[in-house]
Q: 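Sharing a structure below in structure tokens format, with a few things to ask.
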Amino acid sequence: MVLSWFVRRTRLPLLSMRCVDCRSESATTGEGAFRVNANGKLLDVWLLVRCVSCDRTSKLTVHERAPVRTFDPAELDRYHTNDPDVVASRLLDPLLARRNRCTLDWEGAWRLHTPQERLDEAWPVQVEVVFDDPVPVRPERLIAQGLGLSRNEVLRRVKCDIPLRRTTSAGFTFTLMPGTTPEA
Ligand SMILES: [Zn+2]
């Protein structure tokens, strides 16, 4: 039996970046707005973010001096209308954080969805973890939370194809062994 778990965002993550005015380290995209600036045949596209403590607005570079002809007109239109799906996909693209030297703050912005099936029938139980959004998680913690086990028990009973203690946002599979074996 293979169960599927899903890691899914509940809202957009905040950004960890230092405000030049108030030194706060947290910014938000809010509803999500782009700014498009044409300079001859080149376009700059920014995603606007604002400091959560003083509201100062700053711009994250999405496209820098990109030739207009390289844009699909539909894509450009979605920037002009601040399409929420495009806001999410640009914000979650790892390239954006890297290019703008900030990191995404996922604290409280995601949930683990687990199916309702009971785990007490056939052993061992296999679970496939699917990432609907690229949330960085430590498998050890995620599994402990999903199964209601202590982290020690997870380390003892779980066999996994990736290191349990290393943060990942790529799908993985693990096997839970029965916990009834008396300890030696
Ligand atoms: Zn500020």
Side-chain angles (χ1 to χ4, degrees), residues 5-114 129-146 151 162-172:
W5 289 3
F6 300 90
V7 174
R8 214 168 271 164
R9 68 185 169 85
T10 50
R11 59 166 169 81
L12 290 176
L14 297 177
L15 291 123
S16 298
M17 52 190 282
R18 177 159 292 187
C19 173
V20 294
D21 278 352
C22 77
R23 317 304 284 168
S24 149
E25 290 185 13
S26 195
T28 174
T29 50
E31 300 285 287
F34 292 104
R35 183 171 295 167
V36 180
N37 183 50
N39 189 343
K41 290 186 170 162
L42 301 176
L43 283 188
D44 285 314
V45 180
W46 295 286
L47 178 61
L48 302 182
V49 297
R50 69 170 203 278
C51 170
V52 296
S53 23
C54 76
D55 263 359
R56 182 187 204 279
T57 301
S58 37
K59 298 182 295 187
L60 301 182
T61 302
V62 179
H63 295 284
E64 193 171 25
R65 301 176 59 76
V68 180
R69 60 181 162 72
T70 61
F71 288 85
D72 170 4
E75 182 194 7
L76 210 48
D77 195 50
R78 296 172 91 193
Y79 285 130
H80 282 295
T81 56
N82 302 318
D83 184 308
D85 290 339
V86 182
V87 171
S89 78
R90 292 303 174 270
L91 179 66
L92 303 188
D93 181 348
L95 201 65
L96 182 91
R98 214 177 313 140
R99 177 185 277 162
N100 292 279
R101 292 195 188 81
C102 55
T103 53
L104 298 180
D105 173 8
W106 280 102
E107 181 80 40
W110 64 280
R111 266 197 60 188
L112 173 66
H113 296 260
T114 57
V129 180
V130 178
F131 286 73
D132 289 342
D133 294 288
V135 182
V137 298
R138 215 185 272 205
E140 170 195 43
R141 280 196 202 175
L142 188 85
I143 296 169
Q145 182 194 333
R151 272 145 80 179
I162 59 164
L164 284 174
R165 289 184 154 134
R166 193 177 303 157
T167 302
T168 183
S169 24
F172 64 91

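Order of listing sets the numbers, starting from 1, for every ligand and every atom in it.
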Q: Decide yes or no for Phe34 and Arg90: does some side-chain heavy atom of the first lie under 4.5 Å from some side-chain heavy atom of the second?
A: yes
Q: Please check if atom CZ in Arg99 has more than 12 non-hydrogen atoms from other residues, nucleotides or ligands closer than 6.0 Å.
A: yes
Q: Is the number of heavy atoms from other residues, nucleotides or ligands within 6.0 Å of CZ (Arg35) greater than 12?
A: no
Q: Take the Zn ion (ligand 1) and tell me which protein N, O or S atoms are nearer than 2.8 Å.
A: Cys19 SG, Cys22 SG, Cys51 SG, Cys54 SG
Q: Name the orientation class of the two ring planes belonging to Phe131 and Phe172 (parallel below 30°, tilted from 30 to 60°, perpendicular beyond 60°).
A: tilted
Q: Does the side chain of Thr57 reach to within under 4.5 Å of the side chain of Val49, using non-hydrogen atoms?
A: no
Q: Inspect the surroundings of CZ in Arg8 and state if more than 12 heavy atoms from other residues, nucleotides or ligands are less than 6.0 Å away.
A: yes
